[in-house]
Each structure stands twice: as structure tokens, then as C-alpha cells.
Amino acid sequence: MAVFPTLFVSNLLGMPVRDRLDNLIGNVKDIVVALDKFPRVTKLIVNGRGDKFVLPWTTIGVFDSVVLRLNLIKPELPHANIEENEILLAKDLLDMQIFDVHGRKVVRVNDIQLSQINNEVRMVSADIGFRGMLRRLGMENFGEKIADIFNAKIPDHLISGEFVAPIKPGKKYLHLTVPYQHLSKMHPADIADMISDLNAQERSSIIEFLDDETAADVVPELSPEMQVELLKSLDEEKAADILEEMDPDEAVDVLQDMPEQQTERLLSLMPEEDAEDLRELMTFDEDEAGGLMNTDFISFSLDLTAEKVINWMRDNEPDADMIYYIYVIDEKERLIGILSLRGLIIAKPEMKLKELMNTDVVSINLDTKQKDIANLMIKYNYLALPVLDQEQKIRGIVTLEDAISLEEE
Amino acid sequence: MKKYWQKILLFLAIIGPGIITGSVDNDAGGITTYSLAGAQFGYSLLWTLIPLFIFYIIAQEMCVRMGIVTGKGLSSLIRENFGLKITFWVSILLVLAQLGNTISEFAGIAASMEIFGVSKYISVPIAAIGIWLLIIKGNYKTVEKVFLVASLFYICYLIAGIVDHPPWGEIAVSMIKPNISFKSDYLIMLIAIVGTTIAPWMQFYVQASVVEKGISIKDYKYSKIDVVFGALATCIVVFFIIVLCAHNLHTHNIRIETAEDAALALKPLAGNFASYLFAFGLFNASVFAACVLPLTTAYYICEALGFESGVDNSFKEAPQFFILYTALIVLGALIILIPNAPLIAIMYTSQVINGLLLPFVLIFMLLLINNKELMGNYVNSKIYNWISWIVTIILNIITLFLVITTIFPDIGK
């Protein structure tokens, strides 16, 4: 294995490759890496006169910064194949857009840095900065001279190989790439921000990669047009799964903007109960409680103890939106009291809800206007309000976020 | 019947990119060229509109197809397939060309408002600030809708042309029976018409808009219609400008140098109404293009070079984008306000740069659209490829002549 200094792909591309007897084989066309945390260089693609060679990296004997010398002679050269988990640095990564998972941005790769780590050459970083750009243009020295005049330094902008996530439509690559595991751990709003910079095809391939729950958190953060376009372009099964995981009020917002036939098809792919809820929500106006509300909420019967309620929550892991308040209902499912999460936690375990609850409940009706809802919330300092029908049954809750976000538009 | 309506609705949702491109294409520079052509050569250049219409459609259709299939803008595709070096030089040329175009838009604003008695020292700064704010503070989607409506104002030229009662018989004959002259100034004008109608930026613009709209391949046929409509709208406007100037100015042997001259010269001959319509059309076209060109240029360049772009970002997040966008508007407006600025020289230079850029852009387009890996089954068919290569070669020869005649105006005299 040749001693290999740290260097850039731009230096390597086009470099002459000679065999052991100094015969010219061709010039470096591309570099193959196996996807890994720091992708490992495995092969070299060499363009000869009329021939194309795919050579294992181990055939390189000597590297002396102007020429690559192989430890074989031309007739002995093996032919390697490019494997499923491999990508070509020049073709698939250089000049392409990537996710900078660490910087949470979509950037373009100006150059790629390779370095030897324990006998293996790996891609250690992607250069996305101005210096990389100058190097590619063959103006690095010129740039430095100019910078010297102003007593400035050209900044390096390298992102570590472990945060470089190639954007490529198709699932195959995504699952193999370590940075994508970072990606799915990011905040949904950040993921949405990043994929907003991509084109429609790339966007849907990233969403397909994410699990349904994460995707359901990301989709509502996109612009309304993008949401519709995305759900149209996804596989219908997947789209239905994501919609099912989304908050009903947000799912309804998208569905209402989609063509009617497609909405019906998506609804038919969902569990009957969820689909019914959504169908009902869709009949309400977007600026009334019925259209704003979330049908995911929890209510408890008045005879339950605080301990039982807390245990139920541990077992069922309800969403954050759902447990701002504990709603207490009587045997006819009518709302009779409310208890804050704080009230529940500090209560003695054996106390019953009916002893803990506050019976002075602020509630709204299905047709309460969003403006009035927001005002009520501000006046009484609530994070969510229950929506009651004529029989005093809870139909859903409107959160402060829902009441205010629509008002801004 | 219901199906029929659905199709129309679908079409309306998809149109836009092609028509807006066509409208922006008839900008201040275009209107000037067409006015001069009509005034100087009468109806004898009208025949060029037919081949121009076809060339225009072929070039635009390829970009629309690339945008739909790859989901990427032209500048991105150039960067990803031809590397940074080429992208960098194309970007430099594009920025310079667009600066030249922006200057001519502000010149158009100044000229048209002067016809209404407003000094350029008032109209140009107000327009520049207004445009800058509209895009930065407004919503581009809304702005685009405004533009689509603004395209309707091109009907000004149509009305002005029709109320003028030109000799339709004579015009019809000169449309189909080319009266080609081989005199050098005739050829130069012909080249200028082609050069101003088929410009490099349009290819970038239409592809970016198609990508932005996220049009899918099943709606490709509607996008094709959109392109044809855009080409048709452009050519009709060109037709009426040439006819109006030919009928009124050429027949009276009035020589003009600018579009402003044209509007003023029309006054005694075609009446106040035609003159004001002409001036208003020029104003509308100039503002429209001055909004679109700097913004979209900043987008393509940032996209290709990997800088953050978009007006939704803050200055700190996307400094290159905002600097480029602002600089194009500020420089474009300032140069108009400098007394005795060498405007003619600037216009010529911008024409040369456009001319230098077009061959590269067209050849890149052809290489990209025939790349199976990118386009799959949507590469050019064999016949289409022949036609588009021939068109490209003709256009390249014409622009080469344009560059030569601009640099050496005395050639052939």
C-alpha cells in the first residue's frame, strides 16, 4: 500500500496512471468509495485511449503527487466491478448538492478531501467553501495573493465526511449512508427547511426514506403547495400512512387542497375510523373551531384516580399536544371538569379526578371563529381549549398554535 | 363536457412559465429593436417571424422538458455535468449580460416616463426602489401572478396596431413572400431581431419556472402548449410593433434611434392615443423585465455555485444572493442616471456578451437533453435532434455575425 498524503479529488482527477514498467495506462477519471461513516476509497476508474479500467485501489504502488504508479503491468490489470454500496466521487458527489447534516443546509460540493487512516484511504471531508472553488478554478494561488494584499485569509469550509449526505433519488443509497441517521434525528422543522431547497423528486425520496412518524412531523412544516405536490408524488400507500400519523387538522388542510378523487383514494387506504374523522373535519370551515380542531385528545371518567391516569399515559404515550389538560367527563361523556397536567402530577395518587378537577371550564363550540378562540385563550391563559358539540360532548381540542398560526396568514 | 372543462382548468394551472418568458422577452431592448426594424425596413423583415417562431419553440421546449424530467434548473445541470470551471465562466457572462439587460430596462423606464413628462431622475429611482421592495418584502408567487396579468398589457401594441389601419394585404404578402435584401444593414437588423428574441437567459428562466412549479411529466403536453402560446404571444407583439412603425414611420421616411423616438414620432402620424399606448407598453415591459431579470439571475448563479438563495432567507443566511440581486438593480439604475453615460456602448457590449453566451448555452442544452442517464426515454428523437442541431448551428452563425458586426460596425460597408 502506497503512502498516501492528504489531498483533494480535484488534484487526483486527470492525473496520469502508469504501470510498473512506466507504460502510460491512462488518466484518473473517477474514484470509487464504499459508503460508510467516512467512505472508504476502494477503486480507481482510469480512462485510457479507448479503454476504461476499473482498478482496485490496492493495485496502486507508488503515489508521488504527479503520477500514480501501479504495482502491476498492463496485461495483468484486473477488472473490478462497482458494487451496490459504492458511489463515484466525481460523478455522484463532486459538484452535486448534499445535505450538510451538521450545518443543516443544502450545499454544493466544490471539492473532496481524501486522507489515509490506518492503511485505508477515506473521504474525510467535503469542501464547500470559497477556497475549494478557487482550487477547482486553478486560482488558489492567485486568490491567496489577492487576499494577502488585503491582509485577509481565505477561509476553509470543510464539512466532515460523517455529515456529508449525498442527495440521490432512490432509497438504495440513503439507507447505507451514515449521515442519514443523523438526518432523521434532526428537528422536523430543520429537515423541512433543508428539503424545501431540493427539487420535487429529491424531496419525495427523502420523505420516503424517513419513517412515517418523522415524515408526519416534517410535512406540515413545508409550504402548503409543497405539501400537496409531495403527497401527490408519493406512493399512495405511503402518503396515506403519513397522513394517518399527521395531526388531523393538518392532514385536513392538505387534503382539502388536493384533487377530490385523490383525496378519496387516500382516505380509502386509511383505517375506517381515522378516515371518518378526517371526512367529518373536512366539512368544517378552515377558520372555525371545527376546522381548526384536533380530534386526538384524551378524556377520563370522573371516578378514576390520579395514579391510574398517569399510568395510562405511561402506557399509551400520548402526543404532547394532547396532554396540556386532562378533560374529565361524566357517564354520558359530557365535559364536566378540567385538570392541568401540573395539577395531576402534584395530586396524591389515590385522589379521584372529581375531587381534583376545576369545574369552571372554558370551552368553545364547533362554529366559534378562530379570532374569538385566540382571544379566549389569551384572556384565560389557556394553551388549548376543548370544542363541544350541542350535547356538551368533546369533539376535539384547538391548541394555541392552531388558533394563532392561521391568523397570521 | 365536464372532461373538457377539467382539461382547461388543468391547463390554466400549468401555464405561466412559457407565457411569462415570452412576455419578458419583449422587453425594452426588444421593443427598441423591433421599432427600428419597422421604421428602417418597413414590412420587409416581417417574414423572419415565421422561422423565429419555430426556433423559439424548439429552444424553449427542450428546456421545459429538461426541467420536468430532471427537476433541476439549467444552471444546476450545467454545474453537475460540466463542472465548476465551465459553470463559473458561464455565470460571469450571464451576470454581465443580465446587467446589460437590466440597464436597458431602466433606460426603457426612463424613456417611457419622459414621454408622459416625468423626469428620469424621478422615475428611475422610484422604480428601482419599488422593484427591490416588491421582491424583498412581497411574495414572489403574488408578484408572478401580477406579471401574468401584466402580460395582458402587451395588448397595447395590438390595439395600437389595429386602430392604425395598416395595409393588411401588403403585410400578408410580405409575411409569406420574403423580400430578402443582402445589404449589410438589412442583415445586421435581421441578426439583431434574432439575437434579441432568442436570448440565453430565457432558457434558464423557463426551465427554472417549470422546476419551481413542480410540473410532472404527465402534464408535459400542457407545458408544450404553454411554450407555443408564449412564442405566439411574443411573435404577435413583435409583428404589431414592426407593422406600426413600418406603416407610420417607414412610409414617411422618418429615421429613429430609440423606442422613445418611435413613440414620439407616432404622435403626429397615428395620434396621441397610439403614441401613449406605445409608451405605456414600453413602460410596462421595462418594469416587468426589470423585476424578473435581476431576481432570476441571482437565483441561477447561487444555485449553480452552491450559495443559499431565495428571498425567504435573511441577508445573513444568503449574503451572495442579496448582494447579487441588489447590485444588479442598483447598478442598472445608477448607470441610467449618470449624465452622458455611454449608453450606446454599454448596450453594444451587452449584446456582444449575450451573443457570446448563446452558442454555449444552446450546445450545453443539446448535450444535456441527449444524455440518457439524465433524460431516460425523454432524450430528443432522431429527427428532432437533427432539426435542433441545425437550428442551433444557424443561431450560432447568426450570433457570431451579431458579435462581429457589433464590434466592427463598418464591416461590409
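Here is how names work: the chains are called A, B, and so on, in the same order as the sequence lines, proteins then strands, and each is numbered from 1.
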Separation between CG (A:Leu137) and OG1 (B:Thr87), nearest 0.5 Å, reads 9.5 Å
Applying a strict 4.5 Å limit to non-hydrogen atoms, the region of B:Thr70 in contact with chain A is backbone
The reported gap from CG in A:Asp95 to CG in B:Leu77 (rounded to nearest 0.5 angstrom) is 12.0 Å
Just wondering, do A:Met133 and B:Leu84 contact through their side chains at under 4.5 Å, heavy atoms?
yes
message: Any side-chain to backbone donor/acceptor pair from A:Arg136 onto B:Lys85? Under 3.5 Å, distance only.
response: no
B:Ser388 meets the side chain to side chain contact (heavy atoms under 4.5 Å, CB included) criterion, sequence neighbours left out, with B:Ile58, B:Met62, B:Leu366, B:Asn380, B:Tyr384, B:Asn385
Max heavy-atom pairs within cutoff under 4.5 Å with chain B, candidates A:Leu198, A:Asn110, A:Ile128, goes to A:Asn110
Exercise. Would you call A:Lys91 and B:Glu80 a salt bridge, taking side-chain N to carboxylate O under 4.0 Å as the test?
Worked result: no
Margin query: Is the shortest side-chain heavy-atom distance between A:Gln97 and B:Arg79 below 4.5 Å?
Written below: no
Distance col, row B:Ser76:OG vs A:Met96:CE, nearest 0.5 angstrom, shows 9.5 Å
Can you tell me if A:Phe8 has over 12 outside heavy atoms packed within less than 6.0 Å of its CZ?
yes
Under 4.5 Å to a heavy atom of chain A? For B:Glu373 that would be side chain
